[in-house]
Amino acid sequence: MPSSVISTLRYNSKTTTLRIIFVTGMIYDYKNVPHKIYQAMKTSDSKGIYFNLHIKGKYEFKKVER
């Protein structure tokens, strides 16, 4: 289901990094995210709500400059 907040999700299983690209164009990498969290977010009905409940404030992150 498309999200009104999140454009794209990418997951690197080697580094356990979740890259989230927001519809605003901002890109963030979240570190040490378990694969099961990525899978659950990917299949969530609302990626924005899932992000707020399970990722935001729970994982170290870095803003990616273009």
Side-chain angles (χ1 to χ4, degrees):
M1 171 176 276
S3 173
S4 61
V5 178
I6 295 169
S7 173
T8 306
L9 297 174
R10 294 190 182 127
Y11 187 75
N12 183 320
S13 57
K14 285 187 176 186
T15 63
T16 63
T17 300
L18 174 61
R19 174 165 285 186
I20 300 178
I21 303 171
F22 292 88
V23 295
T24 61
M26 295 174 68
I27 304 168
Y28 289 88
D29 282 346
Y30 291 84
K31 306 292 183 185
N32 301 312
V33 177
H35 189 262
K36 67 181 181 178
I37 295 292
Y38 161 68
Q39 285 290 78
M41 184 173 186
K42 192 169 89 167
T43 59
S44 173
D45 287 338
S46 174
K47 289 168 185 52
I49 291 173
Y50 190 91
F51 170 77
N52 285 327
L53 291 174
H54 301 285
I55 295 172
K56 186 176 181 181
K58 295 183 176 23
Y59 296 97
E60 180 184 339
F61 67 92
K62 176 181 158 189
K63 183 177 180 183
V64 177
E65 300 298 332
R66 292 179 182 215

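This chain uses plain numbering: 1 for the first residue, then up along the sequence.
- Here H35 pairs with Y11, Y38 under the ring pair (Phe, Tyr, Trp, His ring centres under 6.0 Å) rule; sequence neighbours left out.
- With sequence neighbours left out, R19 forms a side chain to side chain contact (heavy atoms under 4.5 Å, CB included) with R10, I21, I27, D29, V64.
- I6 and V23 are members of different hydrophobic clusters when ILVMFWY side chains are connected at heavy-atom separations under 4.5 Å.
- There is no path of hydrophobic side-chain contacts, each under 4.5 Å, that joins L53 to L18.
- Listed by first and then second residue, the side-chain hydrogen bond (donor to acceptor under 3.5 Å, both in side chains) pairs that reach into residues 48-64 come to none, sequence neighbours excluded.
- Here NZ of K36 is found 12.5 Å from CD of Q39. Values are rounded to the nearest 0.5 Å.
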- Task: Take I20 and M41 through the side-chain contact (heavy atoms from CB on, under 4.5 Å) test and state the conclusion after the steps.
- Result: CA-CA 11 Å; I20 300 178; M41 184 173 186; 4.0 Å; yes
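- The aromatic ring centroids of F51 and Y28 lie 6.0 Å or more from each other.
- Annotation: the span from K47 atom NZ to S4 atom OG amounts to 11.0 Å, rounded to 0.5 Å.
- Atom CD1 of I49 is surrounded by 12 or fewer heavy atoms from other residues, nucleotides or ligands within 6.0 Å.
- No side-chain donor-acceptor contact under 3.5 Å links S44 to the backbone of A40.
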